[in-house]
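Heavy atoms only: backbone and side chains are in, while hydrogens, waters and symmetry mates are out. Per chain, numbering begins at 1; letters A, B, ... match sequence-line order.
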Amino acid sequence: MIQIRNLIHDYLRRDEEGNVEGSQRAVDHVDLDVHAGEFIAILGHNGSGKSTLAKHINALLYPTEGTVTVDGMDTTDDQYLWKIRQEAGMVFQNPDNQIIGQVVEEDVGFGPENMGVPTEEIWERVNESLRIVQIEHLRKKSPNRLSGGQKQRVSIAGVIAMHPKCIIMDEPTAMLDPSGRKEVIRAARALNAVEGITVILITHYMEEAIYADRVFVMDQGKIAMQGTPREVFSDVERMKKLRLDVPQVTLLADALRQKGLDLPAGILTADELADALGLKPQNKPRKTESTDQKDTI
Amino acid sequence: MKEITLGQYYQTDSVLHRLDPRVKLVGTLCYIISLFIVNSWPGYVAVGLFLAVMIVLSRVPFSYIVRGMKAIAFILAVTVIFNLFMTPGEPLVSIWKLTVTREGLSFAIKMAVRLVFLIIGSSLMTLTTTPTQLTDALENLMGPLKKLHVPVHEISMMMSIALRFIPILMEETDKIEKAQMARGADFESKSIIQRVKSMVPILVPLFISAFRRANDLAMAMEARCYHGGEGRTRMKPLVYERRDFIAYVILAVFFGLCIAMRLLNL
Amino acid sequence: MIEVKDACYTYEAGTAMAVNAIDHITTTIPDGQFIGLIGHTGSGKSTFVQLLNGLIKCSSGQVLYNGEDINADGYDRRNLRSHVGLVFQYPEHQLFETDILTDVMFGPKNQGLSEEECRERAKEALLSVGFSERHFSQSPFDLSGGQKRRAAIAGVLAMRPDVLILDEPTAGLDPKGRDNILEMISELNRTHDITILLVSHSMEDVARYVERIMVMDSGHFILDGAPAEVFAQAEKLEEVGLAAPQITYIMRKLKARGLNIQTDALTYEEAAEEILKHRSELEALRTQE
């Protein structure tokens with residue numbers, strides 16, 4: 001679906017006359033393959049190059065060196081520009097700065113309008129997209145009256161209406177509160193699982209990366225770690241060094257292991273920890289029901 | 001600033017609401033012109049009647065419209081007073097050094113009536129038309145100007161983006177003002193120079209934020225395949241219906257009547 | 001010390017859209033405390049903090065600062081704001097000068113201090129949030145997100161407040177930036193003895209640092225106490241759309257599985273310690289198998 005080969009991106013600094021003063025390497029020799037239908041998470045600090053990387057997939061930025069191909073189309077090839085932007089949709093961080101329409105449904109129709117989709121089909125696509133992210137009841141509302149999570153779902157619907165094969169979400173939850181974050185992640189997961197759309201989620205919240213098929217950790221423009229969430233989070237030392245969050249239960253297991261308890265690496269849930277500690281599931285009815293729903297991080 | 005209800009879209013279902021926005025735009029234009037064509041009392045009565053019928057048809061409560069007028073009461077008062085005292089002619093009453101003339105009185109009343117009619121009439125359009133419909137209508141009506149290389153689509157896109165961001169920037173201004181007040185800024189100072197100076201800590205962050213938003217928005221639009229007006233389709237295209245043609249006919253009759261009244265000196 | 005007595009605040013008062021953002025709140029914030037104020041969006045926490053420094057006036061009830069009613073006629077509220085500093089959400093959006101030192105001097109200047117004094121205070125504030133001298137002449141717009149935010153916090157600190165209120169100071173920051181800010185705030189509380197009120201919607205953020213947690217929902221406090229006390233009522237937190245920290249749930253799970261441990265650990269280190277107390281128990285379990 002997406003192939004990134006030896007990608008380098010330098011940001012150029014220019015002086016007042018527009019001459020190049022210097023450059024800063026934002027993405028440094030990155031290779032990345034994303035297969036159709038995958039859910040990929042890219043973790044990393046601000047300035048680690050993850051957003052720069054993402055903007056290459058949508059042809060908003062072009063490689064300084066290396067190549068990026070989407071569905072076999074080279075992003076530097078002008079004839080594919082609009083096709084690429086339609087196939088690889090993008091959701092950005094700030095919910096206020098990406099909604100163009102003054103009414104939710106009009107905003108969702110914006111992409112198809114630009115693509116020249118006939119009116120009747122625009123309506124079908126808009127209805128379908130609103131249904132997928134479950135905001136049909138908000139269709140006539142002004143975006144200014146929505147919560148952060150709702151706004152981001154409008155943006156996602158706007159991308160879905162373009163019928164993309166892949167959605168790149170560039171820190172869609174960074175400016176939201178916990179419930180808004182859950183809303184957006186739920187929508188992203190449903191998109192991947194039900195609609196089969198490839199999702200690339202860029203985030204710095206590790207609890208959102210847990211759901212991914214594969215996680216890439218970026219640091220200083222390079223891919224520092226990659227693998228399944230379990231593989232990546234089990235390397236607690238490395239994650240701590242990169243000053244990224246690790247699930248509390250993984251940290252706890254790690255601390256216990258260091259104190260001499262014999263525990264396997266890569267514990268991601270409280271149940272796994274309990275099993276590893278040799279605690280048997282209790283047969284009697286549990287009093288603390290609510291703990292069950294919450295402990296999967 | 002927040003209490004401006006003058007001409008803000010009033011949601012209800014009426015003939016006027018359902019009318020094609022192009023008809024309303026053309027209609028308002030004709031109405032305004034007719035206000036300046038007629039200059040006799042019978043003329044004003046005719047225009048007033050037309051306006052009254054429109055208000056009834058719009059189903060917008062009259063009190064709601066009047067409330068919006070408060071914002072312009074001051075301008076209205078100034079206009080009336082100026083005309084009342086400054087028009088030379090046959091004196092009626094003298095107060096101190098000011099004289100009210102017969103001509104002045106008649107002129108002031110006519111002026112006031114015109115202004116009130118003008119504002120109610122044009123606000124009736126915005127009361128019954130959403131900003132989106134309005135920009136769509138404008139883009140459509142100005143279509144022929146494209147041949148003269150006027151960037152019609154861009155202008156209308158800019159207008160709708162502006163309308164979308166005004167509330168956001170208003171809220172932001174409020175936030176920045178409070179944040180600076182928390183740093184001890186004084187916005188209640190008396191002298192004008194002080195007051196202008198005290199605006200800097202609000203305006204600079206506001207501009208920066210506006211630019212940042214513009215940048216983000218441009219990128220988001222590009223990512224959604226926006227590439228100008230060419231090859232664009234519409235989700236809600238403007239289509240004339242029977243009622244729109246009827247409205248045009250009524251409008252033509254009204255406009256013709258106004259011209260006739262002027263020509264016949266009625 | 002700040003005392004709030006039966007305070008209410010209503011938005012759009014007198015209209016059909018009237019909302020009681022603050023609903024009969026009575027509480028006391030003693031000097032030197034480090035408090036976490038938790039609630040979801042719309043719970044009234046941002047409104048509450050604005051009441052405390054007189055940016056908005058309560059519709060009824062009183063707010064007292066050191067015993068004086070801050071809404072009384074003639075009370076100097078501008079002066080109050082230098083004692084009760086408030087850092088808004090995304091405070092970096094208020095930066096406006098060409099270099100950070102001048103920007104931080106804005107607050108002291110408004111207090112009417114001399115240029116020299118302003119500069120001194122600004123330098124001190126910038127140093128205390130982790131900047132070094134060489135940064136002083138930098139433009140705020142060349143800084144990273146986390147740095148900008150620290151500069152903006154310095155802008156309030158330079159007024160030498162006795163109470164510092166921060167409205168979601170870690171919003172939108174990455175884990176590194178977040179930890180830096182929280183460490184810095186905690187440091188201010190320890191070494192400068194500044195009373196801190198930290199508004200957040202993350203339990204994880206505050207669990208490690210604060211000594212008292214106030215939980216807000218629909219305009220009033222539903223829980224108020226030491227972190228362990230508050231987290232013990234996880235069910236009540238869930239009712240209002242919040243949750244206890246992950247570690248609380250982990251410990252509860254282990255207890256439910258038959259390990260006889262205390263479940264009030266606030267950090268994973270404390271949790272590990274608690275579990276290790278039962279080492280022999282765990283080893284016995286294994287040998288059974």
Check whether more than 12 heavy atoms from other residues, nucleotides or ligands sit under 6.0 Å from atom [atom1] of [X], and answer yes or no.
| X | atom1 | value |
| --- | --- | --- |
| A:Gln24 | CD | no |
| A:Tyr11 | OH | yes |
| B:His149 | NE2 | no |
| B:Arg59 | CZ | no |
| B:Leu148 | CG | yes |
| B:Tyr240 | OH | yes |
| B:Glu154 | CD | yes |

Checking heavy atoms, do the side chain of [X], its backbone, both or neither come under 4.5 Å from chain B?
| X | value |
| --- | --- |
| A:Ile100 | both |
| A:Pro164 | neither |
| A:Leu81 | neither |

Do A:Arg85 and B:Arg224 have side chains that approach each other closer than 4.5 Å (heavy atoms only, starting at C-beta)?
no
Within a strict 4.5 Å, meaning less than it, do heavy atoms of the B:Leu217 and A:Phe92 side chains meet?
no
From A:Asp96 CG over to B:Glu171 CD, what is the distance, rounded to the nearest 0.5 angstrom?
8.0 Å
Interatomic distance, A:Asn97 atom CG to B:Met219 atom CE [nearest 0.5 angstrom]
12.0 Å
What are the two closest non-hydrogen atoms of A:Met90 and B:Ala223, and how far apart are they?
CB-CB, 4.2 Å
Considering all heavy atoms, the nearest A:Asn114-B:Cys225 contact
CB-O, 3.3 Å
Any idea which of B:Thr130, B:Ile168, B:Ile161 has the most non-hydrogen atom pairs under 4.5 angstrom with chain A?
B:Ile168
So, the side chain of B:Thr233 versus the backbone of A:Val117: is there a donor-acceptor pair under 3.5 Å, distance only?
yes
Measure from the side-chain N and O atoms of A:Glu113 to the backbone N and O of B:Met235, and report whether any donor-acceptor pair falls under 3.5 Å.
yes
Report the C-alpha separation of A:Asn144 and B:Arg164 in whole Å, then their side-chain angles, then the decisive distance to 0.1 Å, and conclude whether the side-chain contact (heavy atoms from CB on, under 4.5 Å) test is met.
CA-CA 8 Å; A:Asn144 294 330; B:Arg164 154 106 182 84; 2.9 Å; yes
Is B:Lys236 paired with A:Glu105 through a side-chain N to carboxylate O contact shorter than 4.0 Å?
yes
Most contacts with chain B, counted as non-hydrogen pairs under 4.5 angstrom, among A:Val126, A:Asp107, A:Ile84
A:Asp107
Looking at A:Glu106, A:Gln98, A:Lys55, A:Gln86, which makes the most heavy-atom pairs under 4.5 Å with chain B?
A:Glu106
Which label fits A:Trp82 and B:His227: parallel for a plane angle under 30°, tilted from 30 to 60°, or perpendicular past 60°?
tilted
